[in-house]
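A quick write-up on the structure given underneath.
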Amino acid sequence: MTSDQASNQARSYAERLEREQPRLAVSRMTRSLRTGKVLIDWSQNNGSKTTVAPYSLARPPSSPPSPPPVTWDEIEACRQPQDLFFTAPDTLTA
């Protein structure tokens with residue numbers, strides 16, 4: 001699948017969900033439309049975007065970080081920045 005095809009497919013899914021669940025989802029970025037809804041950001045499915053998904057390995061260092069999703073409780077419990085530094089083996093055991 002090409003980048004354009006992926007973007008078009010993602011947009012189609014987002015618009016369909018918006019039509020079928022208008023009280024829950026929106027596919028347009030307009031801030032006033034998004035209140036209380038989930039934005040299905042189909043535009044991120046594009047070959048020129050650099051958004052990284054959770055658990056993606058970052059580049060270089062010898063031990064690349066792997067940023068998993070964390071809860072607010074985990075963030076509040078953090079005493080040092082290193083407490084929220086994860087590597088691939090860390091995320092595989094979580």
Side-chain angles (χ1 to χ4, degrees):
M1 179 178 283
T2 68
S3 172
D4 286 342
Q5 290 170 322
S7 185
N8 289 338
Q9 188 68 54
R11 184 176 189 170
S12 174
Y13 290 146
E15 289 173 346
R16 179 179 174 188
L17 185 57
E18 183 179 31
R19 278 192 313 275
E20 293 180 4
Q21 299 291 331
R23 292 176 35 205
L24 300 177
V26 64
S27 67
R28 292 164 287 162
M29 293 289 262
T30 308
R31 188 174 297 272
S32 63
L33 299 175
R34 298 181 345 213
T35 303
K37 298 179 184 180
V38 173
L39 168 65
I40 310 300
D41 192 357
W42 57 269
S43 70
Q44 294 301 318
N45 288 278
N46 183 299
S48 64
K49 296 284 183 156
T50 58
T51 304
V52 177
Y55 301 108
S56 294
L57 295 176
R59 288 185 208 144
S62 60
S63 182
S66 178
V70 294
T71 66
W72 284 112
D73 289 338
E74 290 171 307
I75 293 169
E76 289 170 357
C78 176
R79 298 293 172 245
Q80 299 177 29
Q82 301 91 314
D83 293 342
L84 293 176
F85 181 88
F86 304 93
T87 61
D90 298 325
T91 60
L92 294 174
T93 60

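In this text, all values refer to a predicted model and were calculated from it rather than measured experimentally.
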From Asn8 CG over to Ser3 OG, what is the distance, rounded to the nearest 0.5 angstrom?
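So the CG of Asn8 and the OG of Ser3 are separated by 9.0 Å.
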Trp42 side, atom CH2; Gln9 side, atom CD - distance, nearest 0.5 Å:
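Reported value, rounded in 0.5 Å steps: 13.0 Å.
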Should Ile75 and Phe86 be counted in the same cluster of Ile, Leu, Val, Met, Phe, Trp and Tyr side chains packed under 4.5 Å apart?
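Same cluster: Ile75 reaches Phe86 through Ile, Leu, Val, Met, Phe, Trp or Tyr contacts under 4.5 Å.
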Check for me, please, whether Tyr13 and Leu17 land in the same ILVMFWY cluster - side-chain distances under 4.5 Å, paths through other members count.
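Different hydrophobic clusters.
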Sequence neighbours excluded - side-chain hydrogen bond (donor to acceptor under 3.5 Å, both in side chains) pairs with any residue from residues 18-30
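Those involving residues 18-30 are Arg16-Glu20, Glu18-Ser27, Glu18-Arg28.
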Quick one: side-chain hydrogen bond (donor to acceptor under 3.5 Å, both in side chains) pairs with a partner in residues 72-85, sequence neighbours left out?
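The answer is Thr71-Glu74.
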Arg34 side chain to Met29 main-chain N or O, any donor-acceptor pair under 3.5 Å?
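Answer holds: yes.
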Partners of Thr2 by side chain to side chain donor-acceptor pair (under 3.5 Å), sequence neighbours excluded?
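Once residues adjacent in sequence are excluded, the partners of Thr2 under the side chain to side chain donor-acceptor pair (under 3.5 Å) criterion are Gln5.
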